[in-house]
There are 2 protein chains.
Amino acid sequence: MTTTTTRTAPRKRAANGAGRRDSADEIGLDALVGHAGYAVRRFQIWIFQDFIKTLGQVDIRPTQYSVLTVIGANPGLSQMAVAKRLGIERARLVHLLDGLEQRKLVKRIKSKADRRSHALHLTVQGETALAKFKRLAAEHERHVEDKIGKANRERLLQILAGFT
Amino acid sequence: MTTTTTRTAPRKRAANGAGRRDSADEIGLDALVGHAGYAVRRFQIWIFQDFIKTLGQVDIRPTQYSVLTVIGANPGLSQMAVAKRLGIERARLVHLLDGLEQRKLVKRIKSKADRRSHALHLTVQGETALAKFKRLAAEHERHVEDKIGKANRERLLQILAGFT
DNA sequence: CGGCAATTGTTGTCGTCAACAACAATCTTC
DNA sequence: GAAGATTGTTGTTGACGACAACAATTGCCG
């Protein structure tokens, strides 16, 4: 609706003095409903929390998972390429890879073509670990379906396909 | 599509040695496509950046806007109530309100009913300022429409209505 | 060829944000 | 009235994005 003229009068909702509100669930959001950003933010928080919980047993967070997935699908990429593809800053990727390399999931191999850059590869245990992560991620994705419905999840992915 | 069984085999994409990839836009995301969380995260980042840019002239960030909106629609709420409604931690809300109070947009009034809590209200200039913020927020919302389409935005809001 | 700009990985800083923990003041409940 | 819960506050930690600076290396151009 977005009331084109932004209705300045705030509709004070019965001036009931100082906080006489019983169930805190009845607080009006007013203009906040109808803002895509708000709904998307709340949903994103929910999704990440479920992802973190579901992949908690293997201690993998969403960003780590995305890095492993991209390296697994494109072995030999440079850090720049991975960072650019995922929209992470290369400075941030350094720390992420430090952690993943310490856990023996990823290895940096000095490129001979360009001695500035590193070719990124999964280790052997990185491959098998990623397989397990993907199973858990699929489970998480099922939670999303349970939450918003299978059809809605498909529609949502379609709507946001441009942001891959 | 979402290959129901998570296809464990990573499909190495032609072992082309060390990073022989021309346009960095052609890096496969593999399993990442089909993950709702990834798409939502990217979209959320885009939305917030546009919101911050559009409301940049008045120096209001999304969280501040949500706080002002809720207080404006429900004057007299306690900090606990606002925090719970918006899913913010009350510790975080303290700093947010500090900033908004310094800018004379919000005032904390000691509640007489419960002397632990503060009743939150917009100041007079807070009311008029919020009106302007809402106009700018509506402009931002139009940017979202331009990005994903009017119909898709509606559908998205409907899908995520449960996360208000 | 030589020098200069650009790129790559790295380190560091700053600000935002969520998650906790602890605390004093105050309310609630028994 | 005492014990336990709630409210606002302060502080810490860790993930994350945005920058800036730097050394090593590459690429380009005169």
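Convention: sequence-line order gives letters A, B, ...; per-chain numbering from 1.
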### Message
Among B:I71, B:L122, B:L105, which residue satisfies the side chain to side chain contact (heavy atoms under 4.5 Å, CB included) criterion with B:L130?
### Response
B:L122
### Message
Distance check needed: C:dT8 C1' versus A:R108 CZ, whole Å only.
### Response
12 Å
### Query
Rounded to whole angstrom units, what separation is found between the CD1 atom of B:I88 and the C1' atom of C:dC20?
17 Å
### Side chain A:R61, main chain A:L55, donor-acceptor under 3.5 Å
no
### Query
For the pair made of CZ in B:F48 and P in D:dC16, what is the distance, rounded to whole Å?
16 Å
### Query
Is the phosphate of D:dC16, meaning OP1 or OP2, less than 4.0 Å from a side-chain N or O of A:T63?
yes
### Query
CD of A:Q44 versus P of C:dC17: gap in Å, rounded?
13 Å
### Query
Under a 4.0 Å N-O cut-off, is there an ion pair linking A:R108 with A:E101?
yes
### Task
Assign the ring pair B:W46 / B:F43 to parallel, tilted or perpendicular, where the plane angle (0 to 90°) is split at 30° and 60°.
parallel
### Task
Specify the separation, in whole Å, of atom CG of B:L77 and atom C1' of D:dG8.
15 Å
### Task
Using a 4.0 Å heavy-atom cut-off across all strands, classify A:H95 as base, sugar-phosphate, or nothing.
nothing
### Query
Among D:dA15, C:dT10, C:dC20, which nucleotide sits nearest the side chain of B:E89?
C:dC20
## Note on the structure
Testing C:dA19, C:dG12, D:dG17 for proximity to the side chain of B:I45, the answer is D:dG17
#### Entry: Proximal nucleotide (of C:dT26, C:dT8, D:dG17) relative to the B:R115 side chain
C:dT26
### Query
Looking at D:dG11, C:dC27, D:dA20, which one has an atom nearest to any side-chain atom of B:D114?
C:dC27
#### Entry: Closest-nucleotide 5' rank along DNA chain D - winner of A:A91 and A:P62
A:P62
### Task
Select from A:L96 and B:H118 the residue whose nearest nucleotide in DNA chain D is closer to the 5' end of that strand.
B:H118
### Message
Over all strands shown, is A:R90 touching base, sugar-phosphate only, or nothing at heavy-atom distances under 4.0 angstrom?
### Response
base
### Any donor-acceptor N/O pair under 3.5 Å between D:dG8 base and B:R116 side chain
no
### Query
Tell me: CG of A:L86 to P of D:dC16, nearest whole Å?
12 Å
### Message
Count I, L, V, M, F, W, Y as connected when their side-chain heavy atoms are under 4.5 Å apart, and connections chain through other members. Are A:V58 and A:L68 then in the same cluster?
### Response
yes
### Message
Rounded to whole Å, please give me the gap between CE in A:M80 and C1' in D:dA24.
### Response
16 Å
### A:Q79 side chain near C:dT7 phosphate (N/O to OP1/OP2, under 4.0 Å)
no
### Of A:D98 and A:R41, the one whose closest DNA chain C nucleotide lies more 5'
A:D98
## Note on the structure
Looking only at heavy atoms, the pair that brings A:F48 and B:G37 closest together is CE1-O, 4.0 Å
### Query
Base, sugar-phosphate alone, or nothing: which one does B:Q64 contact when heavy atoms must sit under 4.0 Å apart?
nothing
### Task
Taking only the side-chain heavy atoms of A:R92 (C-beta and beyond), determine which of D:dT9, D:dT25, D:dC16 contains the nearest atom.
D:dC16
### Message
Nearest whole Å is fine: how far is D:dG14 P from A:D59 CG?
### Response
13 Å
